[in-house]
**Q** 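There's a structure below that I have some questions on.
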Amino acid sequence: MSRMTADKARDMARAKDPAFAVDTILAGITKAAEAGKYEFTVRDYGFGTSTYCNEKDYPELCKAILKDLRALGYRCDVRAVERQFVDLWLEIRWDEVTP
(Lines give C-alpha, C1' and ligand atoms only; values in the text may rest on other atoms or scores of the structure.)
Protein backbone atom coordinates (compact mmCIF):
# COMPACT_ATOMS: atom_id res chain seq x y z
CA MET A 1 0.00 0.00 0.00
CA SER A 2 1.37 3.40 -1.01
CA ARG A 3 1.18 6.14 1.59
CA MET A 4 0.10 9.67 0.73
CA THR A 5 2.92 12.14 1.33
CA ALA A 6 2.28 15.65 2.60
CA ASP A 7 3.72 17.06 -0.64
CA LYS A 8 1.31 15.04 -2.74
CA ALA A 9 -1.68 15.97 -0.55
CA ARG A 10 -0.71 19.65 -0.72
CA ASP A 11 -0.32 19.52 -4.51
CA MET A 12 -3.70 17.82 -4.89
CA ALA A 13 -5.42 20.44 -2.73
CA ARG A 14 -3.75 23.35 -4.54
CA ALA A 15 -4.72 21.93 -7.92
CA LYS A 16 -8.36 22.26 -6.87
CA ASP A 17 -8.03 25.84 -5.57
CA PRO A 18 -5.37 27.94 -7.32
CA ALA A 19 -6.54 31.15 -5.62
CA PHE A 20 -3.46 31.24 -3.37
CA ALA A 21 -1.17 31.42 -6.42
CA VAL A 22 -3.30 33.86 -8.39
CA ASP A 23 -3.49 36.27 -5.43
CA THR A 24 0.30 36.20 -5.06
CA ILE A 25 0.81 36.71 -8.78
CA LEU A 26 -1.69 39.59 -8.83
CA ALA A 27 0.24 41.27 -5.99
CA GLY A 28 3.38 41.06 -8.15
CA ILE A 29 1.49 42.41 -11.16
CA THR A 30 0.28 45.35 -9.06
CA LYS A 31 3.85 46.25 -8.09
CA ALA A 32 5.03 45.93 -11.69
CA ALA A 33 2.17 48.11 -13.00
CA GLU A 34 2.83 50.72 -10.30
CA ALA A 35 6.44 50.83 -11.57
CA GLY A 36 5.18 51.49 -15.11
CA LYS A 37 5.80 47.97 -16.43
CA TYR A 38 3.53 45.89 -18.64
CA GLU A 39 5.02 42.49 -17.88
CA PHE A 40 5.51 40.22 -14.89
CA THR A 41 7.28 36.87 -14.81
CA VAL A 42 6.77 33.90 -12.49
CA ARG A 43 8.84 30.78 -12.00
CA ASP A 44 6.89 29.49 -8.98
CA TYR A 45 3.89 27.12 -8.90
CA GLY A 46 5.46 24.70 -11.38
CA PHE A 47 6.13 27.21 -14.14
CA GLY A 48 9.90 27.14 -13.65
CA THR A 49 10.49 23.49 -12.90
CA SER A 50 8.28 21.48 -15.22
CA THR A 51 9.03 20.63 -18.80
CA TYR A 52 6.07 20.78 -21.14
CA CYS A 53 5.57 20.58 -24.87
CA ASN A 54 2.12 22.10 -25.07
CA GLU A 55 -0.44 23.56 -22.74
CA LYS A 56 -2.69 20.51 -22.56
CA ASP A 57 0.17 18.65 -20.81
CA TYR A 58 0.75 21.30 -18.12
CA PRO A 59 0.18 20.32 -14.47
CA GLU A 60 -3.40 20.95 -13.34
CA LEU A 61 -2.36 23.80 -11.04
CA CYS A 62 -0.66 25.62 -13.94
CA LYS A 63 -3.73 25.18 -16.13
CA ALA A 64 -6.00 26.58 -13.41
CA ILE A 65 -3.73 29.59 -12.82
CA LEU A 66 -3.61 30.36 -16.54
CA LYS A 67 -7.40 30.07 -16.79
CA ASP A 68 -7.93 32.53 -13.91
CA LEU A 69 -5.39 35.06 -15.20
CA ARG A 70 -6.72 34.93 -18.75
CA ALA A 71 -10.27 35.40 -17.45
CA LEU A 72 -9.00 38.66 -15.92
CA GLY A 73 -7.73 39.76 -19.35
CA TYR A 74 -4.01 39.00 -19.05
CA ARG A 75 -1.95 37.45 -21.85
CA CYS A 76 -0.05 34.47 -20.45
CA ASP A 77 2.66 32.43 -22.14
CA VAL A 78 5.20 29.96 -20.82
CA ARG A 79 8.63 30.92 -22.16
CA ALA A 80 11.82 28.88 -22.34
CA VAL A 81 15.47 29.56 -23.05
CA GLU A 82 17.72 26.59 -23.71
CA ARG A 83 21.30 26.94 -22.54
CA GLN A 84 23.24 24.40 -20.51
CA PHE A 85 19.94 23.99 -18.66
CA VAL A 86 16.45 24.98 -19.77
CA ASP A 87 15.13 28.13 -18.13
CA LEU A 88 11.30 28.19 -17.95
CA TRP A 89 8.96 30.91 -16.72
CA LEU A 90 5.43 32.25 -17.05
CA GLU A 91 5.25 35.63 -18.77
CA ILE A 92 2.16 37.70 -17.97
CA ARG A 93 1.46 40.81 -20.07
CA TRP A 94 -1.18 43.53 -20.08
CA ASP A 95 0.20 45.92 -22.74
CA GLU A 96 -2.31 45.11 -25.49
CA VAL A 97 -6.00 44.50 -25.60
CA THR A 98 -6.80 41.06 -27.02
CA PRO A 99 -10.19 40.14 -28.48
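Values below: all heavy atoms of this structure, side chains included; hydrogens, waters and symmetry mates excluded. Note that the numbering runs from 1 along the sequence shown for the chain.
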**Q** Please report the interatomic distance OH(Tyr74) to CG(Leu26), rounded to the nearest 0.5 Å.
**A** 5.5 Å
**Q** For Cys62 and Gly46, work out which heavy atoms get closest and say how close.
**A**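 The pair with the smallest heavy-atom distance is SG-C, 4.0 Å.
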**Q** What's the spacing between Glu82 CD and Leu88 CG if we round to 0.5 Å?
**A** 9.0 Å
**Q** For Glu55, which of Lys67, Arg70, Lys63 qualifies under salt bridge (charged side-chain N to carboxylate O under 4.0 Å, His left out)?
**A**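 Running salt bridge (charged side-chain N to carboxylate O under 4.0 Å, His left out) over Lys67, Arg70, Lys63 with Glu55 returns exactly one hit, Arg70.
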**Q** For Lys8, give me all partners under salt bridge (charged side-chain N to carboxylate O under 4.0 Å, His left out), at least two apart in sequence or on another chain.
**A** none
**Q** Would you say Leu72 and Trp94 make side-chain contact, with heavy atoms under 4.5 Å?
**A** no
**Q** Would you compute the distance between atom CD1 of Ile29 and atom CD1 of Ile92 and round it to the nearest 0.5 angstrom?
**A**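 The CD1 atom of Ile92 is 4.5 Å from CD1 of Ile29, to the nearest 0.5 Å.
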**Q** Side-chain contact test, heavy atoms from C-beta onward, threshold under 4.5 Å: evaluate it for Asp44 versus Leu90 and give yes or no.
**A** no
**Q** When rounded to the nearest 0.5 angstrom, what is the spacing between OH in Tyr58 and CD1 in Ile65?
**A**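 Tyr58 OH to Ile65 CD1: 12.0 Å, rounded to 0.5 Å.
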**Q** Of all the heavy-atom pairs spanning Thr41 and Glu91, show the shortest one and how long it is.
**A**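 Residues Thr41 and Glu91, closest heavy atoms: CG2-CA, 4.4 Å.
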**Q** Please table the atom pairs, donor to acceptor, closer than 3.5 Å between any side-chain atom in residues 31-40 and protein atoms at least two apart or in another chain.
**A**
| from | atom 1 | to | atom 2 | distance (Å) |
| --- | --- | --- | --- | --- |
| Glu39 | OE1 | Arg93 | NH1 | 2.3 |

**Q** Looking at CD1 of Ile25 and OH of Tyr45, how far apart are the two atoms once the value is rounded to the nearest 0.5 Å?
**A**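 One gets 6.0 Å once the value is rounded to the nearest 0.5 Å.
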**Q** If two hydrophobic side chains count as joined below 4.5 Å and joins carry through other members, does Val78 share a cluster with Val22?
**A** yes
